[in-house]
Amino acid sequence: MEVAKTIASVRELVKAARSRDQKIALVPTMGALHIGHIALMERAVKDCDYVVVSIFVNPTQFCPGEDLEKYPRPLDADLEICEQVGVDLVFTPTTEQMYGTANLTWVTVEKLTEPLCGRLRPGHFRGVTTVCAKLFSIVQPDIAYFGQKDGQQAIVIKKMVADLNMPLHVVVCPTVREPDGLAVSSRNQYLTEQQKKDAALIYKSLQNCKEMVEDGITDTKSIIAQMREILSQAPAIKIEYVSILDAETLQEIGSVDRLVLAAVAVRIGQARLIDNILVDVGEQ
Ligand code: PAF
């Protein structure tokens, strides 16, 4: 496995892989790798011949007052994980490499970035799409891998790729969960044992949404009320949003009559946690 810090060396190594006719994968990450990332990397290793993982804590997707400084950066452990999974190249650029001294070009996806996390984290998705556009341009992968846990992010990136005719496929892999349902996240490190137990209510509320739809209840107001009820069982949980949206347009809907994204964001202690599931009325 190689580790490259510069754009020039990544380009050179990827060019060599392409000249060997290898299919290139990119797994963009911010490091602090966990079993969710490992699932993405394993899928990339299975599908492709040359797997690039980027590790870059992207400052432009953090809002003022968020956890940019304290975001975990266990680089040695991350490199060991990449090596074990069979990654070919890890790209660990500096902020200077990625943004130079005066970056004036930004990528913005409209509409889809307005609800959910977009409303609460202004500028977040502009940072995500800009860094992903840069990574796609540097690595030029055939396939890029993202997790369903960041459901809105996956939808936004797919739209950017489609709208800008970027020549790659985006593969979205299922959310990896703890045995109690808590979605695996780098930010779970901020939770105490009790807070982790409370956080399991997030998935419980999402499952409840699915069960209600299966029972024929499709009125989103009633479902959301019930989900909020479940979350309120733990006083430590501060709800940011509980939403049921059209899974393609991310518009609010009154009734679950198509594929929907049920999404939750909460704060528990130091951590902001998000999770979602796709629910299809046709699944009943
Ligand atoms: O999902 C993440 O970890 C980040 O948002 C990403 C896609 C690596 C961009 O910085």
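Numbering of ligands and ligand atoms starts at 1, following listing order. For clarity, every value in this text was computed on a predicted model and none was experimentally measured.
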Can you list everything that forms a salt bridge (charged side-chain N to carboxylate O under 4.0 Å, His left out) with Arg126? Sequence neighbours excluded, please.
none

For ligand 1, run through the N/O pairs with the protein that fall under 3.5 Å and put one pair on each line.
{"from": "ligand 1", "atom 1": "1 (O)", "to": "Gln153", "atom 2": "NE2", "distance (Å)": "2.9"}
{"from": "ligand 1", "atom 1": "5 (O)", "to": "Gln61", "atom 2": "NE2", "distance (Å)": "2.9"}
{"from": "ligand 1", "atom 1": "5 (O)", "to": "Gln153", "atom 2": "OE1", "distance (Å)": "2.7"}
{"from": "ligand 1", "atom 1": "10 (O)", "to": "Gln61", "atom 2": "OE1", "distance (Å)": "2.6"}

In terms of the angle between their ring planes, are Phe146 and Phe136 parallel, tilted or perpendicular, with boundaries placed at 30° and 60°?
perpendicular

Return all side-chain donor-acceptor pairs below 3.5 angstrom for residues 163-181, not counting sequence neighbours, or 'none' if the list is empty.
{"from": "Asp163", "atom 1": "OD1", "to": "Lys159", "atom 2": "NZ", "distance (Å)": "3.0"}
{"from": "Thr175", "atom 1": "OG1", "to": "Lys149", "atom 2": "N", "distance (Å)": "3.2"}
{"from": "Arg177", "atom 1": "NH1", "to": "Gly181", "atom 2": "O", "distance (Å)": "2.9"}
{"from": "Arg177", "atom 1": "NH1", "to": "Asp275", "atom 2": "OD2", "distance (Å)": "2.7"}
{"from": "Arg177", "atom 1": "NH2", "to": "Asp275", "atom 2": "OD1", "distance (Å)": "3.1"}
{"from": "Asp180", "atom 1": "OD1", "to": "Leu182", "atom 2": "N", "distance (Å)": "3.0"}

Could you list the residues that satisfy side chain to side chain contact (heavy atoms under 4.5 Å, CB included) with Gln194, not counting sequence neighbours?
Thr192, Lys197, Asp198

For a side chain to side chain donor-acceptor pair (under 3.5 Å) with Gln270, tell me which candidate from Arg187, Lys70, Gln195 qualifies.
Lys70

Any chance the side chains of Asn58 and Tyr99 put a donor and an acceptor closer than 3.5 Å?
yes

